[in-house]
Amino acid sequence: VVSWNTLMSAYAKAGDMGVAQELFDGMPERNLVSWNALIAGYAQNGQSEKAFSIFSQMLASGARPDNTTLLSILSACTHAHSLDDSMVEQITSLARSANSVSVSTALLNLYAKIGRIKEAKEIFDRIPEKDLVTWNAMIAAYSQNRRPVEAIELFRVMQAMGFKPDSITMVSLIGSCSQMGALGLGEWVHAYIRKNSIELDVYLITALIDMYAKCGNLDRSHLLFSELHWKDLASWNAMINALAIHGKGDEALKIFSSMDLDGVLPN
RNA sequence: CUCGUCGCAGGC
């Protein structure tokens, strides 16, 4: 079984769900991990509907879902294009009774993605042993729902409780500063990043490029962009948008035409 | 052997 599971999840990770499904169907025996690997595969490949239908088959077969199953299903819900309310209620009631930090964090994230921020915060408050991922998820929830003030307030609480933030925390904070047009605060966060040697990855640099542009400091955006060596689609878009905001359409077009020289295709 | 958190733009 273990070898079949390993093989199946290798195909799932490679995005070949056709083969993964065939392996699952042809297995001499299945265990919980087999179900979990198949569901996780569909969830990770954006085929949420398939993940749900395998999940129902799993329940019908008498297998008991564990926390890993719930995490994959919650992830499928979070990335689904459309969700009916009865599905959400069913999954969330299962997830609420799981009493696990990771399941609660995934549930919090689902509520946030569907705009039910109040419920997300309730889940967050009830998690006794919050870890870094939990804090990051809630701060991101506020940032993504355009509630920058609450995001920053929660970061203060996180600090007061002695948690060390990472680059993911910083991306949400910088995003909040962009939304508020708060240059001073943005510069403070940038200084905090340097002082605490937080890793500057593409995500964080892109957030900084966007923040400086939206807060009126285009030169800093330019500088960060030129120092960024592995630019991806989002970082190019951020820089093009930065120039556009400042009325520099000609420069934006120039940057746009150098994208393909860098091997990135515009969207 | 399977699992939770992050950026730009666009669409609506």
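Fair warning: this is a prediction, and the values are worked out from it, not measured in the lab. Proteins come first, then strands; the chains are lettered A, B, ... in the order of their sequence lines, and each starts at number 1.
- Atom CD in E199(A) sits roughly 17 Å away from atom P in rC6(B) (whole-Å rounding).
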Shorter than 3.5 Å, N or O on both sides, protein versus nucleotides 1-4 of chain B: list them out with atom names.
| from | atom 1 | to | atom 2 | distance (Å) |
| --- | --- | --- | --- | --- |
| rC1(B) | O2 | N5(A) | ND2 | 2.6 |
| rU2(B) | O2 | N36(A) | ND2 | 2.7 |
| rC3(B) | OP1 | Q44(A) | NE2 | 3.1 |
| rG4(B) | O2' | A106(A) | N | 3.4 |
| rG4(B) | N1 | D131(A) | OD2 | 3.0 |
| rG4(B) | N2 | T105(A) | OG1 | 3.0 |
| rG4(B) | N2 | D131(A) | OD1 | 3.2 |
| rG4(B) | N2 | D131(A) | OD2 | 3.3 |

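- Scanning for side chain to side chain donor-acceptor pair (under 3.5 Å) contacts around D66(A) gives N36(A), T69(A), with sequence neighbours left out.
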Please list each protein N or O that sits under 3.5 Å from an N or O in nucleotides 9-11 of chain B, with the distance.
| from | atom 1 | to | atom 2 | distance (Å) |
| --- | --- | --- | --- | --- |
| rA9(B) | OP1 | K214(A) | NZ | 2.8 |

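- Remark: K130(A) is not positioned above the aromatic ring of F163(A), lacking an NZ or CZ atom under 6.0 angstrom from the ring centre and at most 45 degrees off the axis.
- K113(A) comes within 4.0 angstrom of sugar-phosphate atoms only, judged by non-hydrogen atoms across all strands, and of no base.
- Among the atoms of the strands shown, base atoms are found under 4.0 Å from some heavy atom of A234(A).
- In terms of the side chain to side chain contact (heavy atoms under 4.5 Å, CB included) criterion, residue partners of H190(A) (sequence neighbours excluded) are, by chain and number, R194(A), L208(A), Y212(A), R220(A), L224(A).
- We find that OH of Y142(A) is positioned 15 Å from C1' of rU5(B), with the value rounded to whole Å.
- Residue pairs satisfying the ring-ring contact (aromatic ring centres under 6.0 Å, His included) criterion with at least one member in residues 25-51 of chain A, sequence neighbours excluded, are listed as follows: F24(A)-W35(A).
- Across all strands, D232(A) comes closer than 4.0 Å to base atoms (heavy-atom distances).
- Salt bridge absent: E153(A) and K121(A) never bring a charged side-chain N and a carboxylate O closer than 4.0 Å.
- Partners of I245(A) according to the side chain to side chain contact (heavy atoms under 4.5 Å, CB included) rule, which considers only residues two or more places apart in sequence or in another chain, are K214(A), N241(A).
- In this structure, CG of N136(A) is placed 13 Å from C1' of rG7(B), rounded to the nearest angstrom.
- Computed from coordinates, the L204(A) CG to rC8(B) C1' distance equals 14 Å when rounded to whole Å.
- Residues F155(A) and W135(A) place their aromatic rings such that the two centres sit no closer than 6.0 Å.
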With side-chain contact (heavy atoms from CB on, under 4.5 Å) as the test, would you mind laying out the steps for K231(A) and V264(A) before giving the verdict? CA-CA 8 Å; K231(A) 304 172 171 70; V264(A) 180; 5.6 Å; no

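- Distance M239(A) CE to rG7(B) C1': 15 Å, rounded to the nearest Å.
- For the pair N31(A) (side chain) and V33(A) (backbone), a donor-acceptor distance under 3.5 Å is present.
- The distance from atom CD1 of I209(A) to atom C1' of rC8(B) is 9 Å, rounded to the nearest whole Å.
- Regarding I205(A), its CD1 atom lies at a distance of 14 Å from the C1' atom of rC6(B), rounded to whole Å.
- If you take CG of L200(A) and P of rG7(B), they are 17 Å apart, rounded to a whole angstrom.
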